[in-house]
> 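Let me give you the structure first, and then I'll get to my questions.
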Amino acid sequence: MARTENDTWDLTTSVGATATGVAVGRALASRGPDPLINDPYAEPLVRAVGVDFFTRLASGELDPAVVDDNAEFGMERMRDMMAVRTRFFDDFFLAAAEAGIRQAVILASGLDARGYRLPWPAGSIVYEIDQPQVIEFKTATLGELGATPKAELRTVAVDLRHDWPRALRYAGFDPAAPSAWSAEGLLPFLPPEAQDALLDNITGLSAPGSRLATENMSDGSRAVSMMADQIKQTTDRWRAHGFDVEMTDLWYAGERNDVIEYLNAHGWSANAAPVAELLAAQSVSLAADGERAAVFTSLSYVSATRG
Ligand SMILES: C[S@@+](CC[C@H](N)C(=O)[O-])C[C@H]1O[C@@H](n2cnc3c(N)ncnc32)[C@H](O)[C@@H]1O
């Protein structure tokens with residue numbers, strides 16, 4: 001399904017379905033005797049969305065190993081990736097809170113339940129930004145599940161290609177106070193120039209001492225098109241198990257700026273944590289096959305501080 005300039009979605013379609021897919025990864029990573037993360041909301045949220053294939057995986061009815069059929073890129077890899085990614089971004093927000101930052105902005109919040117899950121210090125305000133149908137669904141579903149936010153949670157339903165800084169300020173965001181930002185699982189869904197505009201907007205709203213966590217693909221255009229190929233093969237394989245969502249052509253290939261270089265050139269001090277190293281620390285090794293492994297080996301999670 002090709003992207004268009006003002007396309008919209010819910011959690012069962014297009015870019016929205018990827019938010020459900022990564023929540024399946026969090027549900028899987030939260031299972032078992034010694035889980036790497038604990039996201040108690042991932043499975044019930046996936047179940048509520050109602051994509052049958054995702055529900056059966058998240059609930060344990062369908063074995064991810066059976067679905068993957070020994071492929072390198074699949075649900076088991078998604079589980080491992082989401083485990084290290086969730087820990088990275090959780091640790092980022094906890095460290096920012098520890099340093100005294102009381103405003104957090106979760107861009108492209110999807111089915112992320114950090115506002116309900118992390119021990120935010122008193123006085124913290126957490127803003128969640130995503131498309132309206134995504135925000136409405138998650139907020140209503142978590143309410144029905146009896147979940148209560150662990151901070152003052154303010155939702156901002158707006159497209160991140162539009163004037164979201166205005167909407168964020170309208171919701172009460174204070175650009176004079178330091179803030180902690182995450183853009184997790186978002187950048188490849190933005191055209192290259194929208195990625196730069198997003199980072200510029202974050203910079204413009206970030207007082208000195210603010211922090212940002214996001215991701216970067218070195219050799220971005222190649223990695224994004226390889227990722228798109230892998231996801232197409234993967235979803236084709238899932239069709240045999242009843243998966244019926246169209247999730248191809250959602251990513252913008254083409255040259256884009258390296259996030260670390262861009263941030264360092266725009267008033268931030270940015271560091272990268274290579275995902276392969278984070279996975280290795282959890283005893284997960286990537287396939288030796290250069291082409292397929294490159295999707296992962298080029299990926300790093302980034303943390304930056306505004307000078
Ligand atoms: C892969 S999901 C990641 C969700 C969440 N950050 C997580 O890690 O669970 C991508 C998210 O980006 C959001 N997104 C992508 N492009 C967007 C846009 N232009 N405006 C608002 N949200 C967008 C989608 O709605 C979706 O929730």
Side-chain angles (χ1 to χ4, degrees), residues 1 3-30 37 39 41-43 45-46 49 51 54 58 78-79 81-90 92-93 104-118 126-139 141-142 155-168 181-199 201-202 212-215 217 224 227-228 231 234-235 245 247 249-252 275 299 301:
M1 186 190 307
R3 301 289 310 277
T4 54
E5 210 170 302
N6 284 312
D7 51 351
T8 61
W9 49 78
D10 62 17
L11 285 151
T12 67
T13 53
S14 179
V15 184
T18 70
T20 310
V22 296
V24 174
R26 282 194 291 271
L28 294 173
S30 301
I37 60 170
D39 182 348
Y41 302 111
E43 184 194 335
L45 282 167
V46 171
V49 171
V51 174
F54 283 154
M78 170 76 89
R79 175 200 60 206
M81 295 291 290
M82 291 313 299
V84 297
R85 174 165 129 179
T86 302
R87 283 171 77 139
F88 180 88
F89 284 85
D90 281 2
F92 164 81
F93 278 119
V105 185
I106 301 175
L107 298 162
S109 44
L111 293 174
D112 169 344
R114 282 194 179 94
Y116 300 77
R117 191 167 70 64
L118 293 187
V126 176
Y127 297 89
E128 291 186 334
I129 306 185
D130 208 302
Q131 283 216 355
Q133 295 181 78
V134 175
I135 290 279
E136 280 157 24
F137 181 88
K138 184 178 73 181
T139 307
T141 305
L142 285 172
T155 55
V156 184
V158 64
D159 194 298
L160 287 160
R161 295 163 293 186
H162 298 163
D163 190 1
W164 60 267
R166 187 160 169 269
L168 181 61
W181 300 78
S182 69
E184 177 189 8
L186 169 64
L187 299 182
F189 297 109
L190 297 176
E193 61 283 2
Q195 171 178 306
D196 293 349
L198 184 98
L199 296 175
N201 279 321
I202 295 171
L212 165 64
T214 187
E215 60 234 326
M217 282 184 167
V224 169
M227 182 173 71
I231 287 175
T234 304
T235 52
V245 178
M247 266 177 42
D249 296 333
L250 302 178
W251 294 265
Y252 287 89
V275 165
L299 178 64
Y301 297 138

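Order of listing sets the numbers, starting from 1, for every ligand and every atom in it. Since the structure is predicted, the reported quantities are computational estimates derived from the model, not experimental observations.
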> Report the C-alpha separation of I202 and V105 in whole Å, then their side-chain angles, then the decisive distance to 0.1 Å, and conclude whether the side chain to side chain contact (heavy atoms under 4.5 Å, CB included) test is met.
CA-CA 10 Å; I202 295 171; V105 185; over 6 Å; no

> Rounded to the nearest 0.5 Å, what's the gap from OG1 on T141 to CG on L111? Could you check?
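Between atom OG1 of T141 and atom CG of L111 there are 8.0 Å.
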
> Would you mind checking which non-hydrogen protein atom is closest to atom 1 (C) of ligand 1, with the distance to 0.1 Å?
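In this structure, atom 1 (C) of ligand 1 has T18 OG1, 3.2 Å as its nearest protein heavy atom.
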
> Restricting to pairs with a member in residues 7-23, which pass salt bridge (Lys or Arg N to Asp or Glu O under 4.0 Å), not counting sequence neighbours?
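Only R3-D7, D7-R161 qualify under salt bridge (Lys or Arg N to Asp or Glu O under 4.0 Å).
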
> Counting only heavy atoms, which portion of D159 has something under 4.0 Å from ligand 1: side chain, backbone, both, or neither?
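Both backbone and side chain.
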
> State the OG1-CD1 distance between T155 and I106, to the nearest 0.5 angstrom.
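Answer rounded to 0.5 Å: 12.0 Å.
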
> Mark yes or no for whether D130, through its side chain, and I135, through its backbone, hold a donor-acceptor pair below 3.5 Å.
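Not at all, since once roles are kept as given, no pair shorter than 3.5 Å links the two residues.
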
> I want to confirm something. Looking only at heavy atoms, which of F89, F189, W9 is nearest to atom 17 (C) of ligand 1?
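It is W9 that holds the nearest heavy atom.
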
> So if I count the atoms of ligand 1 from 1 in the order they appear, which ones are less than 4.0 Å from some heavy atom of G185?
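Near G185, meaning under 4.0 Å from one of its heavy atoms, ligand 1 has 1 (C), 2 (S), 3 (C), 10 (C).
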
> Looking only at protein heavy atoms, identify the closest one to atom 27 (O) of ligand 1 and say how far it is in Å.
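The closest one turns out to be D130 OD2, 2.7 Å.
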
> Please check: side-chain N/O of Q131 versus main-chain N/O of W9, any donor-acceptor pairing under 3.5 Å?
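Yes, Q131 side chain to W9 backbone: donor-acceptor pair under 3.5 Å.
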
> So do L118 and D90 actually touch side chain to side chain, heavy atoms under 4.5 Å?
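They are in contact (side-chain heavy atoms under 4.5 Å apart), so the answer is yes.
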
> Which protein non-hydrogen atom lies closest to atom 9 (O) of ligand 1, naming both residue and atom, and how far is it?
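Closest protein heavy atom to atom 9 (O) of ligand 1: R26 NH1, 2.8 Å.
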
> Side chain, backbone, both or neither: which part of V22 comes within less than 4.0 Å of ligand 1 when only heavy atoms are counted?
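The answer is the side chain of V22.
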
> Give the atom numbers and elements of ligand 1 that come within less than 4.0 Å of a heavy atom of G110.
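Taking each heavy atom of G110 in turn, ligand 1 has 4 (C), 27 (O) under 4.0 Å.
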
> Give the numbers and elements of all ligand 1 atoms closer than 4.0 Å to a heavy atom of V15.
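The list of qualifying atoms is 15 (C), 24 (C).
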
> Can you say whether the rings of F89 and Y301 are parallel (under 30°), tilted (30 to 60°) or perpendicular (over 60°)?
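It falls in the perpendicular class, over 60°.
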
> For atom 6 (N) of ligand 1, which of the options S182, P132, A108, A183 provides the nearest non-hydrogen atom?
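Heavy atom nearest to atom 6 (N) of ligand 1 belongs to A108.
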
> Which is closest to atom 21 (C) of ligand 1 in terms of heavy atoms, L111, L160, V134, L198?
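Minimum heavy-atom distance to atom 21 (C) of ligand 1 goes to L160.
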
> Can you sort out the partners of M78 under side-chain contact (heavy atoms from CB on, under 4.5 Å), two or more places apart, ordered by chain and number?
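Listed in chain order: V22, M75, M82.
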
> Within the 4.0 Å heavy-atom shell around A19, which atoms of ligand 1 are there?
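Selected atoms, number and element: 2 (S), 26 (C), 27 (O).
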
> Give the atoms of ligand 1, by number and element, whose distance to some non-hydrogen atom of S109 is under 4.0 Å.
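Atoms satisfying the 4.0 Å criterion: 5 (C).
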
> Show me which atoms of ligand 1 lie under 4.0 Å from any heavy atom of L186.
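Those of ligand 1 that fall under 4.0 Å from L186 are 14 (N), 15 (C), 16 (N).
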
> Give, for atom CG of L186 and atom CD of Q195, the distance between the pair rounded to the nearest 0.5 Å.
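Result: 8.5 Å between the selected atoms.
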
> At what distance is the nearest protein heavy atom to atom 8 (O) of ligand 1, and which residue and atom is it?
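Residue, atom and distance for the closest contact: R85 NH2, 2.7 Å.
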
